[in-house]
Colleague: 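Sharing a structure here in structure tokens format.
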There are 2 protein chains.
Amino acid sequence: MQKDVRQQKILGLIRSKRIGTQEELRAHLMRAGVAATQSSVSRDLEELGVVKHQGSYTLPQSRDGHSARGLLGLDMAGESLVVAKCESGMATAVAVEIDRAHVSEIIGTVAGDDTIFIAVNDRKAQRATVKKIWEIFK
Amino acid sequence: MQKDVRQQKILGLIRSKRIGTQEELRAHLMRAGVAATQSSVSRDLEELGVVKHQGSYTLPQSRDGHSARGLLGLDMAGESLVVAKCESGMATAVAVEIDRAHVSEIIGTVAGDDTIFIAVNDRKAQRATVKKIWEIFK
DNA sequence: AATGGTTATGCAAGAGGATTGCATAAGAGG
DNA sequence: CCTCTTATGCAATCCTCTTGCATAACCATT
């Protein structure tokens with residue numbers, strides 16, 4: 001499926017560049033090897049919750065460098081693990097918050113000092129989980 | 001879709017009756033107005049995490065909060081992880097007990113506060129592991 | 001090891017949703 | 001009103017999920 005890849009690229013693009021129109025975004029996607037029509041871009045922006053602010057697309061409540069309550073990043077490992085990187089010593093706190101959110105795809109979490117392992121069932125659940133956790137901490 | 005209804009009925013059935021084979025389960029489903037083949041039943045049981053224990057199907061989950069020495073339930077994630085849910089703070093103790101049992105399929109365990117990740121090789125080992133651990137604590 | 005009973009699974013078909021592009025409507029700013 | 005930009009109804013297409021069939025794998029017993 002093309003959609004997830006495209007949306008990820010879009011997020012990357014609007015974070016790194018000033019993008020003023022959907023056609024402009026579309027051109028960048030093209031150059032990145034992702035074909036898309038303006039229709040799709042429009043629908044993606046809607047889904048991602050991107051807003052146009054002062055003439056360019058941006059994520060609402062954009063993070064200004066400092067991490068969201070201890071969470072530094074999310075990665076996927078294999079097809080049934082999501083790995084969360086946290087600030088030193090914050091993993092447990094972050095894990096508690098994730099647990100409290102009751103993300104349905106999450107089967108279990110184990111926290112170390114600055115890393116959390118999150119068990120899920122498959123790639124699909126992985127994607128959904130990353131997305132949801134990111135929502136919690138954004 | 002038929003699937004959700006069928007799986008709910010299955011859960012109800014294995015909780016209320018002693019069911020020893022998938023054909024038996026299938027017959028009960030029929031009587032409840034849900035047609036199904038043995039293939040579907042097999043896949044449902046897999047998805048639901050149902051385990052055959054002492055000759056009858058059952059869920060590896062303690063219903064009544066009161067657990068078998070700290071173990072609340074077992075789940076499978078992907079094809080090489082078993083996730084054990086424990087009472088708060090009990091994960092390490094439960095893990096020690098699991099380790100002591102020397103379950104041959106278990107490659108390693110990591111315990112957090114109330115969750116244990118248990119690494120195994122494949123689906124088959126997963127099933128065997130859930131069964132064996134459940135038997136230890138039952 | 002063969003057998004009989006039970007359970008798992010590869011494959012292909014069908015059903016239902018999700019995704020997309022096109023055309024076009026709606027909106028925004030001059 | 002005109003142009004540029006964005007949103008959306010519709011239809012075609014693509015995918016994923018579900019299922020049954022056939023059969024393989026498994027397991028206990030002899």
Side-chain angles (χ1 to χ4, degrees), chain A residues 1-10 13-14 17-30 33-58 60 79 104-105 120-128 131, chain B residues 1-10 13-14 17-30 33-60 76 78-80 104-105 120-132 135:
Chain A
M1 188 202 312
Q2 183 87 317
K3 192 185 174 190
D4 292 326
V5 180
R6 192 181 59 227
Q7 293 194 344
Q8 280 311 113
K9 290 240 184 262
I10 288 178
L13 285 168
I14 67 174
K17 299 181 193 303
R18 255 202 121 66
I19 298 193
T21 73
Q22 296 184 359
E23 279 300 335
E24 199 178 331
L25 190 45
R26 182 167 165 278
H28 278 107
L29 286 170
M30 282 296 202
V34 179
T37 58
Q38 174 265 326
S39 307
S40 297
V41 172
S42 169
R43 286 186 273 240
D44 284 343
L45 293 175
E46 157 74 20
E47 260 178 67
L48 293 168
V50 173
V51 298
K52 199 166 186 176
H53 186 247
Q54 291 176 348
S56 71
Y57 287 107
T58 172
E79 49 184 49
S104 61
E105 287 86 358
V120 298
N121 261 319
D122 49 35
R123 290 195 190 286
K124 191 177 169 185
Q126 243 179 354
R127 283 193 296 263
K131 191 166 184 169
Chain B
M1 188 202 314
Q2 184 86 316
K3 192 186 175 191
D4 293 327
V5 180
R6 192 181 59 228
Q7 293 194 343
Q8 280 311 113
K9 290 238 183 265
I10 288 177
L13 285 169
I14 67 172
K17 301 179 191 303
R18 273 205 107 67
I19 298 192
T21 72
Q22 296 183 0
E23 279 299 337
E24 199 178 330
L25 191 45
R26 183 166 164 279
H28 278 108
L29 286 171
M30 282 297 200
V34 179
T37 58
Q38 174 265 327
S39 306
S40 297
V41 172
S42 169
R43 286 185 273 239
D44 284 343
L45 293 175
E46 155 77 19
E47 263 178 62
L48 293 168
V50 173
V51 161
K52 200 168 185 175
H53 174 65
Q54 291 175 352
S56 71
Y57 287 109
T58 173
L59 275 174
M76 303 192 289
E79 46 185 53
S80 53
S104 60
E105 286 87 356
V120 298
N121 262 316
D122 50 34
R123 294 214 130 87
K124 203 166 132 180
Q126 239 180 357
R127 280 195 287 258
T129 299
V130 169
K131 183 168 180 165
K132 290 182 183 179
E135 273 160 7

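Below, read A as the first sequence line, B as the second, and so on, with proteins coming before strands; counting in each chain starts at 1.
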Colleague: Rounded to the nearest Å, what distance is computed from the CZ atom of residue A:Arg123 to the C1' atom of nucleotide D:dC17?
Modeller: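 Value for this atom pair: 18 Å.
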Colleague: In whole angstrom, give the distance that lies between atom CD of A:Glu23 and atom C1' of D:dA7.
Modeller: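 It is 14 Å, rounded to the nearest whole Å.
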Colleague: Considering just the side-chain nitrogens and oxygens of A:Gln22, establish if one lies under 4.0 Å of OP1 or OP2 belonging to D:dC4.
Modeller: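 False: A:Gln22 side-chain N/O out of range (4.0 Å or more) of D:dC4 OP1/OP2.
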Colleague: What nucleotide, of C:dG21, D:dT19, C:dT7, holds the atom closest to the side chain of A:Ser40?
Modeller: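 Taking heavy atoms from C-beta onward, the closest nucleotide is C:dG21.
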Colleague: For B:Gln2 and D:dG20, give me the distance from atom CD to atom C1', rounded to whole Å.
Modeller: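 The distance from CD of B:Gln2 to C1' of D:dG20 comes to 13 Å, rounded to the nearest Å.
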Colleague: For B:Asp4 and C:dG17, what is the distance between atoms CG and P respectively, to the nearest whole Å?
Modeller: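 Those two atoms, CG and P, are 12 Å apart.
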Colleague: Which of the following nucleotides, D:dT18, D:dC10, C:dA8, is nearest to the side chain of B:Ser42?
Modeller: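 That would be C:dA8.
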Colleague: Nearest whole angstrom, please: distance from the P of C:dC11 to the CZ of B:Arg43.
Modeller: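 Checked: the CZ to P distance equals 13 Å.
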Colleague: Output yes when at least one side-chain N/O atom of A:Arg6 is less than 4.0 Å from OP1 or OP2 of C:dT20, else no.
Modeller: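 For C:dT20, OP1/OP2 do have a side-chain N/O of A:Arg6 under 4.0 Å.
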Colleague: Expressed as a whole number of angstroms, how long is the span from A:Arg127:CZ to D:dT16:P?
Modeller: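 Rounded to whole Å, this separation is 9 Å.
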Colleague: Please work out if A:Gly55 contacts a base, only the sugar-phosphate, or nothing of the nucleic acid, heavy-atom cut-off 4.0 Å.
Modeller: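 A:Gly55: no heavy atom of the nucleic acid under 4.0 Å.
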Colleague: Of all the nucleotides listed (D:dT19, D:dT8, C:dT7), which has the minimum atom distance to the side chain of B:Lys52?
Modeller: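 Per side-chain heavy atoms of B:Lys52, the pick is C:dT7.
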Colleague: Side chains of B:Glu46 and B:Arg127: closer than 4.5 Å at any heavy-atom pair?
Modeller: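 Yes - at least one pair of side-chain heavy atoms lies under 4.5 Å apart.
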Colleague: I want to confirm an ordering. Mapping B:Gln38 and B:Asp44 to their closest nucleotides on DNA chain D, which one lands closer to the 5' end?
Modeller: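 Its nucleotide being nearer the 5' end, the pick is B:Asp44.
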Colleague: At less than 4.0 Å, is any side-chain N or O atom of A:Tyr57 found next to OP1 or OP2 of D:dT6? Yes or no.
Modeller: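 So the side-chain polar atoms of A:Tyr57 do come within 4.0 Å of the phosphate oxygens OP1 or OP2 of D:dT6, strictly under.
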Colleague: Expressed in angstrom and rounded to an integer, what is the separation of B:Glu79 atom CD from C:dA8 atom P?
Modeller: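 It is 16 Å, rounded to the nearest whole Å.
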Colleague: State which of D:dG20, D:dT5, C:dT7 makes the closest approach to the side chain of A:Thr21.
Modeller: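 Output: D:dT5.
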Colleague: Between B:Lys124 and D:dA25, does any side-chain N or O lie under 4.0 Å from OP1 or OP2?
Modeller: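 The answer is no; no side-chain N or O of B:Lys124 sits under 4.0 Å from OP1 or OP2.
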Colleague: Quickly, which of A:Val41, A:Val34, A:Leu48 forms a side-chain contact (heavy atoms from CB on, under 4.5 Å) with A:Gln7? Name it, please.
Modeller: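 Single pass found, and it is A:Leu48.
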